[in-house]
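Here's the structure we're looking at; comments come further down.
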Amino acid sequence: MPTMRIRSLLDFAGCSALMVLTMTLSLAPAQGARAEPTDADFAMARDAFHAGDAAKLDKFAPRLKGHLLESYVEYWQLRLKLDDADPDRVRSFLTRRAGGPLADRLRVEWLKSLGKRGQWTLFAAEFPGRAGDDTELACYAMQWQRIRDGDAALDSARPLWFSGQEQPESCQPLFAALLALGKLTSQDVWTRYRQAHEAGTFRLAVRLLDWLPANERPPQPEVARVERNPAQALAKGDFRWASRGGRELALYALDRAARSDAGSAHDAWTKWRSRVPDPERRYGNLLVAYNAARQLLPSANAWYREAEGASQNDQQQAWHVRAALRVLAWDDVARAIDAMPEEQAQEPAWRYWKARALAVAGKGDDATRLYGSLATEHHFYGFLAAEALGAAVMPVSEPLLADASALAAFGARDDVQRVIRLTALDLRPEAQREWFYVVRTLDDDSLLLAAEVARRNGLYDRSINTAERTQRRHDFSLRYPTPYRAEIGAAARDNQIDEAWAFGLARQESRFVADIMSSAGAVGLMQLMPATARWVARQIGRADYRVTSLDRPELNAQMGNYYLHYVLVRLDGMPVLATAAYNAGPGRAQAWRGAAPMEGAIYAETIPFNETRDYVKKVLSNAMFYQAQLGLPYVALRERLGVVTPRGANGTLVEDVPDRSGNSTKDSP
């Protein structure tokens, strides 16, 4: 019998020692019987694993025999001792749990452990023949293949070198061998050096210089001088222009300086660029143009013309289009899209903007064909394309009429029950991985069945994710559900917010998981930071507000919609600006406005932050679906986007507007 239970009996007032003893014995389990495993014990085991306490985990494991999540406890035990694990025990787990997420994860981690320790015989026996997208495992596999096949196996490692990001430690011996055998050249090092500083991984770029022969490497004092102050180094122009190393260091300084102030970097670069060969000059012009485009400088499009002939990566090409859009240079928009690789040019954004450019050029039939191909797709550009054709898009659902027995049978599956229990125990990443394995091979009808089961169990994020996976049969009531309709609807009305917009924002923020908390600390349906919530509580006179109440849907919806209305009013009543402000802060949303009126679609397309740009498009397209779901009057997406007036054009300035981190943002005039 648990100690706490015995103590509670001993403390019971009025009980004699004999009575207590009798009660204790009567409540004790029969000899040889074992108490049922509990979620409380599982939570203790989880905490022991997260603390790395193998001894404590081993103590709880026997109590959890027969628990629905027993496999997780066994997995955690193996993970904590993986370097010393008995191979037979690992194989037993992989066999018993085959086809599930835990077996696949354990196999990968075990293979990495074997590779790290050089146990290649075991590695060869267990490696499944492919590493998927796991670069660390792929490099261990190449190390083993080199042992088996010789240096010819190194050729498959060479493509991994060309990355602007850090590569795993398991890849480094392969790269060193490639360099020693002459299969990586100085040119290859310089190529990756450029990729690294273009990606903003400056420490990697500097370390890559050590891979060069001593006679090609820029002197360390010169590198240190650029690292201290790239803009100052660029302005002085004191580089070894006659050497490759000196010119590459100058281009590195240019890239770093342009990231902070592309205009000043351009002025400094124009003084020195005649001293470098044409290919390097064009590359330097590209670095300036790309950074200027991301800073929304009107000169960016003209500077891209100076970079003509330079090889561009996907991001540089995308920002070429955006720079042209900001100044309505439609011919340049079309040329920049035509210069993209075919796969990139077929992305919805570039198909839409190419159609716009064709329409401006008077090529209406070609534009109509592109609009027509987009108008049947369910996203931001699909709505815009349909509206360009004069159509009002009304998504049509084809729901699955599943009977109660089918729903019950699916919901009773062990893997589905594990998802429900993991979610209840706040193990959301584990629940999401389990659910992925549940639905990964399902056809459309089965996906809709799974989505409905998830919805009925309050797993709205899993329901939405699953319904979005269908290819031909769609149920938009599952993709765009309306839980907490009373709370969100009332909050929207109270704060004069379009209900479809409020739902679209809540869907994007939390997928309607009321008690979710982000890694940054944002809580609930509308993902409010505690500091912002305190500010809102003061504005609306909620003296009873407590941080712990932010997971209450009614309160969270009221506070989120109040804040949305607050920034909407102060950003001239433009939903596209307020949506951007909700994600990135009102100061940034204000700063991204242009010097002339700009259609909202161009504003959204040219938001410099990838996350915010995607967020704004999704929230506003969500609103389009929700107006249909809620039976609201049709409002075109172009109307929702509107025309973004120049900053301050309506006499409204944003001052001391709190963002959702609780910080206030003052804007310059």
Side-chain angles (χ1 to χ4, degrees), residues 321-322 324-330 333-334 337 347-364 366-395 476 480 497-505 507-508 564 568 571-583 589 592-594 596-607 612-630 632-646 649-650:
V321 180
R322 295 182 182 121
L325 284 172
R326 291 287 290 201
V327 293
L328 301 179
W330 292 104
V333 169
I337 295 172
E347 293 173 10
W350 312 130
R351 288 157 57 206
Y352 173 74
W353 292 115
K354 178 65 181 294
R356 289 286 303 275
L358 289 169
V360 172
K363 300 177 181 178
D366 292 336
T368 297
R369 279 192 290 273
L370 272 178
Y371 286 141
S373 71
L374 278 166
T376 59
E377 299 175 14
H378 307 121
H379 50 61
F380 182 81
Y381 299 101
F383 283 109
L384 288 177
E387 290 169 8
L389 295 173
V393 181
M394 298 297 290
F476 293 101
Y480 299 90
I497 293 294
D498 170 27
E499 188 178 0
W501 183 29
F503 264 101
L505 191 141
R507 180 186 188 272
Q508 194 61 28
L564 188 59
L568 177 68
L571 290 167
D572 300 330
M574 288 181 278
V576 67
L577 290 179
T579 305
Y582 202 92
N583 181 261
W592 296 333
R593 299 166 82 161
M598 178 193 318
E599 64 172 280
I602 292 178
Y603 176 92
E605 185 62 63
T606 58
I607 291 172
T612 306
R613 185 169 61 251
D614 183 63
Y615 176 90
V616 168
K617 294 175 187 177
K618 286 182 176 176
V619 167
L620 293 179
S621 60
N622 288 351
M624 297 297 292
F625 287 104
Y626 273 113
Q627 67 185 5
Q629 287 294 104
L630 299 169
L632 300 174
Y634 186 87
V635 179
L637 180 54
R638 291 187 68 174
E639 184 177 340
R640 292 180 182 278
L641 290 162
V643 175
V644 176
T645 54
N650 297 333

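- For the pair Thr645 and Met574, the tightest heavy-atom approach, listed with the atom from each and the gap, is OG1-CE, 3.7 Å.
- You'll find the side chain of Asp572 reaches within 4.5 Å of the side chain of Arg593, heavy atoms only.
- Minimum interatomic distance between Ile497 and Ala502 (heavy atoms only, all atoms of both residues): CG2-CB, 4.1 Å.
- Val643 approaches Pro597 most closely through the heavy-atom pair CG1-CB, 3.9 Å.
- Side-chain contact check for Tyr603 versus Leu325: every heavy-atom pair is 4.5 Å or farther apart.
- Between Trp592 and Thr612 the shortest side-chain heavy-atom distance falls below 4.5 Å.
- Taken from OG1 in Thr606 to CZ in Arg322, the straight-line distance is 8.5 Å, to the nearest 0.5 Å.
- The side-chain heavy atoms of Met624 and Arg640, taken from C-beta on, include a pair separated by under 4.5 Å.
- Counting only heavy atoms from C-beta outward, the side chains of Trp501 and Leu620 approach each other to under 4.5 Å.
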query: After noting the C-alpha distance and the side-chain angles of Val644 and Ile602, does the key distance pass the side chain to side chain contact (heavy atoms under 4.5 Å, CB included) rule?
result: CA-CA 9 Å; Val644 176; Ile602 292 178; over 6 Å; no

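- With hydrogens and angles ignored, the 3.5 Å screen pairs a side-chain donor or acceptor of Glu387 with a backbone N or O of Leu637.
- Salt-bridge formation is not detected for the pair Glu605/Arg356: no Lys NZ or Arg NE/NH1/NH2 atom is positioned less than 4.0 Å from an Asp or Glu carboxylate oxygen.
- Taking each heavy atom of Tyr634 and Ala391 in turn, the nearest pair found is OH-O, 4.4 Å.
- Taking CZ of Phe476 as the reference point, atom OH of Tyr626 lies at 12.5 Å (rounded to 0.5 Å).
- Among all heavy-atom pairs drawn from Ala385 and Ala375, the shortest one is CB-N, 4.1 Å.
- One finds the CD atom of Gln627 at 7.5 Å from the CE atom of Met394 (value rounded to the nearest 0.5 Å).
- The aromatic rings of Tyr381 and Tyr352 are tilted relative to each other, their planes meeting at an angle between 30° and 60°.
- Two residues are said to be in side-chain contact when any heavy atoms from C-beta on lie closer than 4.5 Å; Leu568 and Tyr582 fail this criterion.
- By the ring pair (Phe, Tyr, Trp, His ring centres under 6.0 Å) test, Phe383 pairs with Phe625, sequence neighbours left out.
- Leu564 CG to Asp498 CG: the interatomic distance, rounded to the nearest 0.5 Å, is 10.0 Å.
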Q) When you look at Tyr615 and Leu505, which way does the side chain to side chain contact (heavy atoms under 4.5 Å, CB included) test go after all the steps? A) CA-CA 9 Å; Tyr615 176 90; Leu505 191 141; 3.5 Å; yes

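- Across all their heavy atoms, Ala359 and Ala367 have their closest contact at N-CB, 3.8 Å.
- Between the CG atom of Leu384 and the CG atom of Leu374 there is a distance of 9.5 Å, given to the nearest 0.5 Å.
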- Task: Test Glu599 against Leu641 for side chain to side chain contact (heavy atoms under 4.5 Å, CB included), laying out the working first.
- Result: CA-CA 7 Å; Glu599 64 172 280; Leu641 290 162; over 6 Å; no

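- Remark: Asn583 CG to Lys618 NZ distance equals 11.5 Å, nearest 0.5 Å.
- Proximity of Asn622 to Phe503: side-chain heavy atoms (C-beta onward) are nowhere separated by under 4.5 Å.
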